[in-house]
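Here is how names work: the chains are called A, B, and so on, in the same order as the sequence lines, proteins then strands, and each is numbered from 1. Just so you know, these numbers come straight off a predicted model, no measurement behind them.
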Amino acid sequence: MNFWLVKSEPDVYGWAHFTAQGRAVWDGVRNYQARNNLSAMRLGDQVLFYHSVSKPAVVGLATVVREAYPDPTVTETPNRWVAVELEPVMAFEQPVTLAQIKAEPMLATIALIRQSRLSVMPIRPDEFELLLKLSDT
DNA sequence: GCCAACGTTGGC
DNA sequence: GCCAACGTTGGC
């Protein structure tokens, strides 16, 4: 089992949209490192859902329900990009804000801080555990 | 709205 | 292959 974090701008596609829809095609990623992370996702992996920009915080947990396949939004050939599909698992009781994450010494090396512009990233098991704990979920 | 970080593009 | 210009992301 692997752990990941994906970012989304809540004004564009937030947790509320995700849960209302029940399932999301995670497409549109156009960064090689993020794409490689999408490709490494396996069925049942746990995915933290992060709201960027307006209220930066981890807001919920999702799981991988379809592994990487060619991104259907790409029209050029060859298609270098991939999509996965995610389903919501549960909302966090308390969103874990970026400020909290930055204030936590044990999360100093989390990819969210080290590579602030990456939109799909791996999370270590210990980081994942701590984030869940901070969420009171 | 501003700015830092950083990825991409294109000239040479 | 180097680097300047430029665009995008995302925090504040």
Side-chain angles (χ1 to χ4, degrees):
Chain A
M1 159 101 60
N2 300 307
F3 303 101
W4 309 94
L5 180 147
V6 297
K7 288 182 182 175
S8 190
E9 291 189 37
D11 297 338
V12 178
Y13 189 85
W15 179 259
H17 304 93
F18 182 36
T19 50
Q21 199 172 294
R23 187 178 177 116
V25 176
W26 215 259
D27 58 21
V29 170
R30 297 292 181 271
N31 168 281
Y32 286 104
Q33 203 178 347
R35 179 205 60 184
N36 293 343
N37 290 331
L38 283 182
S39 295
M41 288 185 182
R42 293 296 170 260
L43 287 177
D45 281 359
Q46 308 271 74
V47 182
L48 296 163
F49 194 104
Y50 177 83
H51 278 171
S52 64
V53 182
S54 53
K55 274 191 173 180
V58 183
V59 295
L61 182 63
T63 192
V64 178
V65 292
R66 182 173 177 187
E67 294 181 4
Y69 61 100
D71 184 333
T73 66
V74 174
T75 51
E76 311 89 69
T77 50
N79 182 349
R80 300 193 220 78
W81 307 108
V82 301
V84 298
E85 290 181 15
L86 303 177
E87 270 182 18
V89 174
M90 60 188 179
F92 274 9
E93 207 60 46
Q94 296 293 333
V96 182
T97 65
L98 182 61
Q100 276 178 279
I101 293 170
K102 283 186 167 172
E104 178 53 67
M106 286 183 61
L107 294 174
T109 58
I110 196 169
L112 185 66
I113 294 170
R114 281 202 345 267
Q115 286 178 272
S116 62
R117 293 185 50 198
L118 187 60
S119 63
V120 182
M121 67 191 76
I123 296 294
R124 295 198 316 257
D126 60 306
E127 294 167 341
F128 181 83
E129 284 301 317
L130 183 53
L131 286 167
L132 267 201
K133 195 174 152 204
L134 291 171
S135 76
D136 282 341
T137 308

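At whole-Å resolution of the value, CD1 in A:I101 and P in C:dG10 are 14 Å apart. Regarding A:W81, its CH2 atom lies at a distance of 11 Å from the C1' atom of B:dT8, rounded to whole Å. When rounded to the nearest whole Å, the span between CD of A:Q100 and C1' of C:dG11 equals 16 Å. If you take CG of A:L98 and C1' of C:dT9, they are 14 Å apart, rounded to a whole angstrom. When rounded to the nearest whole Å, the span between CD1 of A:I113 and P of B:dC6 equals 14 Å. When the P atom of B:dG7 is taken as reference, atom CZ of A:R80 falls 16 Å away, rounded to whole Å. Distance, A:N36 CG to B:dG7 P: 13 Å, rounded to whole Å. Between A:K55 atom NZ and C:dG11 atom P the separation is 15 Å, expressed in whole Å.
You'll find the side chain of A:L107 reaches within 4.5 Å of the side chain of A:E127, heavy atoms only. For the pair A:V29 and A:D71, the minimum side-chain heavy-atom distance is 4.5 Å or more. Contact check for A:E85 versus A:V25: side-chain heavy atoms found under the 4.5 Å cut-off.
A:K7 has a side-chain polar atom (N or O) that falls below the 4.0 Å cut-off from OP1 or OP2 of C:dG10. Between A:Y32 and B:dC6, a side-chain N or O to OP1/OP2 separation shorter than 4.0 Å is absent.
Relative ring orientation between A:W26 and A:F18 is described as perpendicular, the plane-to-plane angle rising above 60° on a 0-90° scale split at 30° and 60°.
Backbone-only engagement by A:K102 is indicated by non-hydrogen atom pairs under 4.0 Å involving sugar-phosphate atoms exclusively.
Each of C:dG11, C:dT8, C:dG10 was ranked by its minimum atom distance to the side chain of A:P56; first place goes to C:dG11.
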